[in-house]
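Worth knowing before you read on, the calculation uses all heavy atoms, side chains too, and leaves out hydrogens, waters and symmetry mates. Atoms within each ligand, like the ligands themselves, are counted from 1 in listed order.
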Amino acid sequence: MTDSPIALPAVPLLPLNSGGSIPQVGLGTWPLDDAEVERAIVDAAAVGYRHVDTAAKYGNEVGVGRGVAASGIDREDWFVTTKLDGGYQGDDRAVAGLDASLDRLGMEYVDLLLIHWPLPARDLFVDTWKTFIRLRESGKARAIGVSNFKPAHIDRLIAETGVTPAVNQVQLSPAIPRLDHRAYDEEHGIVTESWSPIGGSGDLLGDPILADLAAKHGRTPAQIVLRWHVQNGLVAIPKSRDPQRMAANLAVFDFVLDADDLAALDRLDEGPGAGVDSDHSGH
Ligand SMILES: NC(=O)c1ccc[n+]([C@@H]2O[C@H](COP(=O)([O-])OP(=O)(O)OC[C@H]3O[C@@H](n4cnc5c(N)ncnc54)[C@H](OP(=O)(O)O)[C@@H]3O)[C@@H](O)[C@H]2O)c1
């Protein structure tokens with residue numbers, strides 16, 4: 001590890017049900033290309049990030065690997081997630097899918113391998129999960145999980161294999177709080193990870209409720225939202241290409257939202273039907 005004269009934020013680790021732990025805030029990398037993501041990871045490492053989220057589908061795993069290598073931080077001190085593309089679901093294709101990702105990343109293992117989407121119309125996700133269990137046993141994926149899975153999809157994984165995912169990564173924010181997913185995950189010891197945690201390309205951050213809370217706490221709207229994720233026990237992976245925003249997005253461990261604040265944030269819920277429906281989306 002490099003010495004730094006600046007005190008970096010201590011990012012809490014959440015335990016995973018198969019062992020190990022995941023830093024509660026990481027860097028999202030979609031839609032950065034190889035060159036952009038390499039630079040972003042070096043910048044992110046300098047302000048304290050040790051967790052990065054990519055996917056085969058993002059086409060930037062080569063840049064992620066280069067960024068981690070150039071970061072000055074040992075590989076063992078990083079938490080790297082990638083996701084299996086839909087074309088590699090079924091039979092043993094996940095073996096080749098992960099090998100191709102590792103080759104692009106220039107790594108011996110990933111910390112977390114996710115099934116990117118359930119694609120229920122194809123009904124290959126249980127088969128894929130059986131291969132994931134072997135990949136975890138091989139050490140090439142230290143933990144395995146899913147993304148965009150509904151509780152009913154995870155029920156099938158558990159019923160048919162006995163192995164519960166460590167993580168379910170879903171679109172989640174105060175606007176799309178997915179209380180049903182979170183309750184299910186908590187009951188089953190699954191870490192819930194939020195993609196588009198600050199609303200992605202939408203206008204969540206412009207909401208006046210967030211402006212009020214940001215003024216009250218002397219923070220930015222994004223920090224209020226990220227603090228909401230942290231206090232709810234979620235993992236958040238905000239994406240930014242801007243080093244100042246990256247640093248701000250990690251500086252959410254030194255203030256607390258009170259019950260009134262949390263009640264105000266509940267009013268951002270856009271209700272049933274908001275967000276992607278993974279029965280009809282994905283790749
Ligand atoms: N599993 C899945 O199916 C799935 C789907 C989508 C995304 N993901 C993952 O989740 C990550 C995050 O999701 P996302 O990228 O869709 O959305 P997001 O992280 O909620 O939002 C990213 C947007 O917010 C801006 N931003 C970042 N920090 C900010 C700040 N402090 N103040 C104001 N704006 C800020 C970014 O712009 P700048 O870069 O200009 O700062 C970017 O436009 C992705 O990068 C990807 O790794 C997973």
Side-chain angles (χ1 to χ4, degrees), residues 9 22-33 36-37 39-41 43-44 47 49 51-61 63-64 67 79-86 89 101 110 112-119 125 145-150 153 165 167-178 181 191-207 210-211 213-214 217 219-229 234-252 268 274-283:
I22 181 169
Q24 211 176 356
V25 176
L27 183 73
T29 66
W30 182 86
L32 302 176
D33 67 20
E36 291 170 327
V37 83
R39 191 167 52 243
I41 290 173
D43 289 340
V47 297
Y49 285 77
H51 170 186
V52 60
D53 178 83
T54 185
K57 194 72 184 175
Y58 300 169
N60 64 11
E61 289 174 310
V64 168
F79 189 99
V80 178
T81 299
T82 197
K83 312 183 194 83
L84 186 81
D85 193 28
Q89 283 211 38
S101 283
V110 290
L112 179 62
L113 177 67
L114 303 178
I115 301 178
H116 204 150
W117 292 88
L119 305 175
F125 62 81
V146 295
S147 181
N148 302 300
F149 274 48
K150 294 182 175 182
H153 303 140
V167 170
N168 188 14
Q169 184 186 114
V170 292
Q171 184 186 27
L172 204 154
S173 73
I176 309 166
R178 298 199 196 272
H181 286 62
V191 168
T192 307
E193 182 173 18
S194 309
W195 63 259
S196 290
I198 53 175
S201 56
D203 50 13
L204 174 66
L205 297 181
D207 193 286
L210 289 173
L213 292 176
H217 289 279
R219 300 282 167 156
T220 66
Q223 287 176 314
I224 299 296
V225 173
L226 290 166
R227 181 68 205 175
W228 176 90
H229 289 275
L234 306 166
V235 171
I237 45 168
K239 168 263 171 189
S240 182
R241 63 180 82 227
D242 175 72
Q244 285 187 329
R245 282 179 170 178
M246 287 177 194
N249 292 348
L250 210 58
V252 295
L268 294 171
V276 297
D277 181 341
S278 54
D279 279 334
H280 309 289
S281 327
H283 41 71

- Query: Does Tyr49 have any ring-ring contact (aromatic ring centres under 6.0 Å, His included) partners at least two apart in sequence or in another chain, and if so, which?
  - Reply: none
- Query: Among all residues two or more places apart in sequence or in another chain, which pass the side chain to side chain donor-acceptor pair (under 3.5 Å) test with Gln89?
  - Reply: Thr128
- Item | Smallest separation among heavy atoms of Ser194 and Ile237, with atom names |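 Closest approach of Ser194 to Ile237, heavy atoms only: O-CG1, 3.3 Å.
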- Query: Under the salt bridge (charged side-chain N to carboxylate O under 4.0 Å, His left out) test, which residues partner Asp279, sequence neighbours left out?
  - Reply: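 Testing Asp279 for salt bridge (charged side-chain N to carboxylate O under 4.0 Å, His left out), a comparison that skips the adjacent residues, returns Lys150.
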- Task: Look up atom CG in Leu234 and atom CZ in Arg178, then write down how far apart they are to the nearest 0.5 Å.
- Result: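 Between Leu234 CG and Arg178 CZ, I get 12.0 Å after rounding to 0.5 Å.
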Show the short N or O contacts, below 3.5 Å, that ligand 1 makes with protein N or O atoms; if there are none, say 'none'.
| residue | atom | partner | partner atom | Å |
| --- | --- | --- | --- | --- |
| ligand 1 | 1 (N) | Ser147 | OG | 2.8 |
| ligand 1 | 1 (N) | Gln169 | OE1 | 2.8 |
| ligand 1 | 3 (O) | His116 | NE2 | 3.4 |
| ligand 1 | 3 (O) | Asn148 | ND2 | 2.9 |
| ligand 1 | 8 (N) | Tyr58 | OH | 3.2 |
| ligand 1 | 13 (O) | Ser196 | N | 3.0 |
| ligand 1 | 16 (O) | Ser196 | OG | 2.7 |
| ligand 1 | 19 (O) | Lys239 | N | 2.9 |
| ligand 1 | 20 (O) | Pro197 | N | 3.2 |
| ligand 1 | 20 (O) | Ile198 | N | 2.9 |
| ligand 1 | 20 (O) | Gly199 | N | 3.3 |
| ligand 1 | 20 (O) | Gly200 | N | 3.0 |
| ligand 1 | 28 (N) | Asn249 | ND2 | 3.0 |
| ligand 1 | 31 (N) | Asn249 | OD1 | 2.9 |
| ligand 1 | 34 (N) | Arg245 | NH1 | 3.4 |
| ligand 1 | 37 (O) | Arg245 | NH1 | 3.4 |
| ligand 1 | 39 (O) | Lys239 | NZ | 2.7 |
| ligand 1 | 39 (O) | Arg241 | N | 2.9 |
| ligand 1 | 40 (O) | Arg245 | NH1 | 3.3 |
| ligand 1 | 41 (O) | Ser240 | OG | 2.6 |
| ligand 1 | 41 (O) | Arg245 | NH1 | 2.8 |
| ligand 1 | 45 (O) | Thr29 | N | 3.1 |
| ligand 1 | 45 (O) | Trp30 | N | 3.0 |
| ligand 1 | 45 (O) | Trp30 | O | 3.2 |
| ligand 1 | 47 (O) | Thr29 | N | 3.2 |
| ligand 1 | 47 (O) | Asp53 | OD2 | 2.7 |

- Message: Looking at Asp53 and Lys83, is there a salt bridge between them, counting it only when a charged N and a carboxylate O are closer than 4.0 Å?
- Response: yes
